[in-house]
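All remarks here apply to the structure that follows.
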Amino acid sequence: MLGAAAHPLQLRLAEKGTCTSDLQRIVSRPMYSRQKLPIHRGAAAANSSRTAGLSAMASQHTAVSCGGRTQSNNVRCSAATQSVDASLDPSVDTGTASAAAGAGATSLIPQTMEEMAADEEAAATRELLERRGQAALTREERRRRQRSLDAIDAPPFLRVLQDSGAKSLVRGPAGILQLNIGLYCNQACSHCHVESSPLRTEAMDRATADRCLELLQGSCSRAGGGAVHTLDITGGAPELSHQFRYVVERARDAGVADIIDRCNLTVLLEPGQEDLVEFLATNRVRIAASLPCYSAANVDQQRGGGVFERSIKGLQLLNAAGYGVEGSGLELDLVYNPNGEFLAPPQAALEEAYRSELREAYGIVFSRLFALNNMPIKRYVDHLLRRGKLEDYMQLLVQNFNASAANGVMCRDTVSVRWDGALHDCDFNQQLALGLAGKDAPRTVWDIESLDELTGRPIAVDNHCFGCTAGSGSGCQGAVS
């Protein structure tokens with residue numbers, strides 16, 4: 001690491017809730033510095049969000065996409081956070097609690113739409129998006145990150161990487177195929193790096209899904225090892241995509257060892273998804289579930305009113321099906337990201353705190369916890385800019401660059417595919433329309449005959465890459481060092 005001083009968590013705990021109070025106890029050594037220390041100085045088509053009539057849409061009939069079906073929902077959700085009810089009590093039988101959680105569930109989408117309509121900052125961003133377009137805003141976002149780095153005399157990411165002695169960033173054999181199958185979501189989280197919401201309509205079609213599956217099957221059938229072992233399905237809320245169940249079933253038939261569903265948990269309670277947990281368990285899909293805290297206040301602040309309660313109910317449904325239960329073979333991983341301008345704390349210690357709190361309060365068990373840093377892109381950059389914190393956060397990332405983390409970043413063995421078939425080194429590059437490096441690089445899944453063609457190519461990097469290499473590092477599988 002480039003520097004070490006007072007842990008930034010210690011500067012911010014007073015304004016946080018239960019989770020961060022426990023983080024004070026977890027942090028036992030100085031890891032992440034915000035001090036300005038000496039640094040060596042060395043020489044796609046725009047996606048649209050629909051904004052018209054948000055308030056009216058929130059109170060009217062809402063059509064909810066349900067994995068290839070459409071179901072009507074005329075019930076408005078209260079924008080206020082509901083109190084935790086008896087179904088969350090750990091003294092209640094797990095099966096009974098799970099049945100109660102699934103009974104009479106209403107869609108979260110109307111509430112999300114109401115909150116989006118009432119959010120003046122989000123409305124201003126949508127207005128800019130309509131007026132200037134996504135490509136222009138992405139370029140401006142990059143310039144602002146660079147100005148923040150220039151203000152602290154930070155060298156380019158590649159220079160820091162080279163000076164650290166870390167391995168060159170070159171693609172190895174593909175082990176993970178990550179598909180973003182659509183940006184539609186029943187939530188609109190404040191930190192979301194893909195800017196998902198109920199307004200997003202971008203979605204993978206069947207032809208693109210089939211092409212990805214052809215490449216996957218070609219890799220899985222390869223003799224002698226070195227094949228893709230993991231299919232990582234993300235979104236949006238991927239389960240609400242028309243292609244989700246099709247892709248899962250085809251991948252399972254192809255013999256993919258590990259299929260991951262990046263689940264926001266609340267989708268399990270959406271109307272039309274009553275059989276989703278059963279489908280996931282039948283196909284032995286591994287769940288990577290977002291839960292940025294075990295405190296209702298912190299989760300709802302980041303993910304929307306009432307999301308914590310729904311998330312707990314979703315976890316109870318998964319536990320009742322065997323997910324996270326030792327010996328079941330059904331893996332349930334939780335994903336943490338900070339609710340503030342600091343890095344993820346040590347993953348192992350935080351996992352212990354999660355286990356204790358969730359078990360004692362709600363009777364919930366899980367397999368592993370992944371602790372991720374917030375990436376300085378998209379909605380999180382907007383958050384930092386509005387609070388005048390972008391320079392501080394970029395400085396935090398640079399000063400805590402970790403060569404060991406750089407050696408373990410996910411882009412070395414992950415192929416990321418956008419909903420329209422565009423190829424990228426990672427999901428973050430995907431959202432910034434940063435394609436594979438080189439003028440001769442293939443651009444889409446139709447430009448290659450095999451994933452092997454990507455092995456040995458240099459990895460495309462930019463100034464946001466400091467996010468994955470700071471502290472313990474950060475990737476879709478959690479800390480990397």
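Computed from a prediction, not measured in an experiment: that's the story for all the values here. If you read the sequence from its start, that first residue is 1, and numbering goes on from there.
No donor-acceptor distance shorter than 3.5 angstrom exists from the side chain of Ser290 to the backbone of Asn264, with no hydrogens or angles considered. A distance-only check finds no donor-acceptor pair linking the side chain of Asp413 to the backbone of Pro173 [under 3.5 Å]. At distances below 3.5 Å, at least one donor-acceptor pair connects side-chain atoms of Ser328 with backbone N or O atoms of Val325. Without hydrogens or angle criteria, Arg252 side chain to Arg284 main chain gives a donor-acceptor distance under 3.5 Å. Checking side-chain atoms of Asp425 against main-chain N and O of Ile459 turns up no donor-acceptor pair under 3.5 Å. In this structure, the side chain of Asp275 does not engage the main chain of Glu278 through any donor-acceptor pair within 3.5 Å. A distance-only check finds a donor-acceptor pair linking the side chain of Ser367 to the backbone of Leu332 [under 3.5 Å]. A distance-only check finds a donor-acceptor pair linking the side chain of Ser311 to the backbone of Val307 [under 3.5 Å]. Looking only at distances, a side-chain donor or acceptor of Asp447 sits under 3.5 Å from a matching main-chain atom of Thr444. In this structure a side-chain-to-backbone donor-acceptor pair under 3.5 Å is missing from Arg145 to Met394.
Judged as a salt bridge (Lys or Arg N to Asp or Glu O under 4.0 Å), not a single pair has a partner in residues 179-188 (not counting sequence neighbours).
The CZ atom of Arg303 sits 12.0 Å away from atom CZ of Phe308, with the distance rounded to the nearest 0.5 Å. Expressed to the nearest 0.5 Å, how far CD of Gln243 lies from OH of Tyr246 amounts to 8.0 Å. Rounding to the nearest 0.5 angstrom, the gap separating the CZ atom in Phe244 from the CD atom in Gln273 is 9.0 Å. Rounding to the nearest 0.5 angstrom, the gap separating the OH atom in Tyr380 from the CD1 atom in Ile377 is 12.5 Å. One distance of note links CD1 of Ile181 with CD of Glu202; it measures 13.5 Å at 0.5 Å rounding. Separating the CD1 atom in Ile260 from the OG1 atom in Thr230 is a distance of 5.5 Å, to the nearest 0.5 Å.
Counting heavy atoms from C-beta on, the side chains of Asp382 and Lys378 never come closer than 4.5 Å. Using a 4.5 Å heavy-atom cutoff, the side chains of Leu179 and Asp232 are not in contact.
A salt bridge is defined here as a Lys NZ or Arg NE, NH1 or NH2 lying under 4.0 Å from an Asp or Glu carboxylate O, and Glu341 with Arg387 fails to meet this definition. No salt bridge links Asp261 with Arg286; every basic N to acidic carboxylate O contact stays at or beyond 4.0 Å. Between Glu140 and Arg144 there is a salt bridge, since a side-chain N of the basic residue sits under 4.0 Å from a carboxylate O of the acidic one. A salt bridge is defined here as a Lys NZ or Arg NE, NH1 or NH2 lying under 4.0 Å from an Asp or Glu carboxylate O, and Arg457 with Asp440 meets this definition. Electrostatic pairing of Glu249 and Arg245 does not count as a salt bridge here, judged by no charged N lying under 4.0 Å from a carboxylate O.
No donor-acceptor contact under 3.5 angstrom links the side chains of Lys313 and Thr266, judged on distance only. Side-chain contact annotation: His464 with Asn429, donor-acceptor N/O pair under 3.5 Å present. Side-chain contact check for Thr455 and Asp452: no donor-acceptor pair (N or O, by modelled atom type) lies under 3.5 Å. Under 3.5 Å, the side chains of Asn186 and Ser107 contain no donor-acceptor pair of N or O atoms. Gln302 and His191 share a donor-acceptor pair across their side chains, judged by distance under 3.5 Å alone. With hydrogens and angles left out, the side-chain atoms of His193 and Asn374 include no donor and acceptor closer than 3.5 Å. No side-chain donor-acceptor contact under 3.5 Å links Glu121 and Thr125.
Checked against a 6.0 Å centroid threshold, the rings of Phe157 and Phe466 count as neighbours. Side-chain rings of Tyr393 and Phe342 stay apart, their centers remaining 6.0 Å or farther from each other.
Paired with Ser416 under the rule side-chain hydrogen bond (donor to acceptor under 3.5 Å, both in side chains), one option of Gln430, His424, Gln431 passes, and it is Gln430. Put simply, the residue from Asp333, Leu350, Leu291 that forms a side chain to side chain contact (heavy atoms under 4.5 Å, CB included) with Leu369 is Leu350.
Taking the ring pair (Phe, Tyr, Trp, His ring centres under 6.0 Å) definition, one finds that Tyr323 meets it with nothing, sequence neighbours left out.
The minimum heavy-atom distance linking Ala406 with Phe401 is given by the pair CB-CZ, 4.0 Å. Nearest heavy-atom pair, Ala470 versus Asn373, reported as atom, atom and distance to 0.1 Å: O-ND2, 3.3 Å.
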